[in-house]
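Throughout, protein chains are lettered first and strands after them, A, B, ... in sequence-line order, and every chain is numbered starting at 1.
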Amino acid sequence: MLTRLVAAAAVMCLCTSGVLAQNAKKLTDPQIAHIAYTAGQIDIAAAQQALNKSKNKDVRAFADDMVRDHKAVNDKALALVKKLNVTPEDNDTSKALSKQAADKRGELSKLNGAAFDKAYISNEVAYHKTVNDALQNTLIPSASNAELKDLLTTGLKIFQGHQQHAEQVAAQLK
Amino acid sequence: MPNRLPHNSNNGSRIGRFLDVWGLVALVLMLANGGASAEVIQIQMKQVAYAPAQVTAHIGDTIEWANDDIVAHTATARNGAWDVMVMPNNKGSVVLKSAGTIDYYCRLHPNMVGSIAVSQ
C-alpha cells in the first residue's frame, strides 16, 4: 500500500516536473527537505519499535544502524536548512508518508518474535526501495539548491546501502 | 699522544653508545617491518565508496581508511581476516599479514566494495 501510494506520488511529481521546470506544481526545496526529513524520521521510529520488540541480534544491529545513519543524515539536513534559511514545508507527500508509516507501526505492534522480525525487515526492504526510487526519480531531479541536491544524492547512496543490508538480513531470517 | 687517548676514548665510548642505541632502534624497526620498508596505504571512505577501490600492497604494509562521510562505515574482509569499523571523521587500519587478493565491503552499506592485492 505504502509502495503504491508513494509510487503514485512520485509519478505525480514526475509528471509535474521534467521539461516544465517552472510548473507551479513542481515540488519546492522546502517541500523536498520536509519529505526527505520525514522519510528519515519514519525509519528511525520503525527502528525504535524494532529495538523495543526484537531479540534477534541481526535485526537489532540493523535497527541500531538505521537510527544512527538516519539521525546523521537528518542532523545534516537540519543544519543545511538552517544555513540556507529555509523552513521545511509540510505537504501532501509528507502527510501521506507519515499516515502510512503510523498504520504500518500499528500493524507491526501486533506481531512478536520471528513474525515481527520478518515483517519489520521485509518492510525495511520495501520502504527503502520506495524512498530510493522517489529520491532518484523525483526529489533529486526536482531540487534546485546545489547543496540540497548533494545531500539528497549522498543520502540516496547511504539508503541504497541500507536496502542491500536489509535484503541480506531478510535472507538470513528465512 | 698518550694524553689524547683517554680524551678520545671517552668521546669514542659516548659516540659508541649513541651509535649502539640508534643501531638497536634501527634493528628493532627493521625486525618489526620484516626487514622491508613497510608502507601506509591510505584509502578514503567518501560518498559511500572506497577511494581508491582497488589497491596493491605488500605483506607488512598498513591499510589506513579515513572516513570522510557523515555516517559510520566498516572495511570488512570477505575472508573474515578483519573487520574495521570507522566512525565519521576518524581513521581505522589493519596490517596485511598474508598474500593474496582480499575483497572487502562495508557491512552497513554493502554497496561499498573494494579489494586489496597483497604480494610478498
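Hydrophobic clustering of Ile, Leu, Val, Met, Phe, Trp and Tyr side chains at less than 4.5 Å, counting indirect connections, keeps Met85(B) apart from Ile63(B). Clustering ILVMFWY residues whenever any of their side-chain heavy atoms sit less than 4.5 angstrom apart, transitively, puts Phe62(A) in the very cluster that holds Leu108(A). Hydrophobic cluster membership is shared by Val71(B) and Leu156(A), with clusters built from Ile, Leu, Val, Met, Phe, Trp and Tyr side chains linked at under 4.5 angstrom. The same ILVMFWY cluster, assembled from side-chain heavy atoms under 4.5 Å apart, contains both Val94(B) and Ile102(B). Leu151(A) and Val131(A) fall within a single hydrophobic cluster, where Ile, Leu, Val, Met, Phe, Trp and Tyr are joined by side-chain heavy atoms under 4.5 Å apart, directly or via other members.
To the nearest 0.5 Å, atoms NZ (Lys46(B)) and OG1 (Thr154(A)) are separated by 10.0 Å. Between atom CD1 of residue Ile158(A) and atom CG of residue Asp69(B) there is a gap of 6.0 Å, rounded to the nearest 0.5 Å.
Of the residues considered (Gln163(A), His162(A), Glu167(A)), His162(A) shows the highest number of contacts with chain B, using heavy-atom pairs under 4.5 Å.
Proximity to chain B (any heavy atom under 4.5 Å) is restricted, for Lys76(A), to the side chain, taken from C-beta onward.
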Full working for side-chain contact (heavy atoms from CB on, under 4.5 Å) between His165(A) and Asn111(B): CA-CA 9 Å; His165(A) 189 185; Asn111(B) 48 340; over 6 Å; no

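The closest side-chain donor-acceptor pair between His109(B) and Asp69(A) falls under 3.5 angstrom.
Side-chain contact between Met112(B) and Gln164(A): absent, with no pair of heavy atoms (C-beta onward) separated by less than 4.5 Å. Within the 4.5 Å cutoff, no side-chain heavy atoms of Asp65(A) are placed close to those of Arg107(B).
Considering every non-hydrogen atom in both Pro110(B) and Gly161(A), the closest pair reads CD-O, 3.2 Å.
Around atom CG of Asp92(A), no more than 12 heavy atoms belonging to other residues, nucleotides or ligands sit under 6.0 Å away. In the displayed structure, Gln120(B) atom CD is contacted under 6.0 Å by at most 12 heavy atoms of other residues, nucleotides or ligands.
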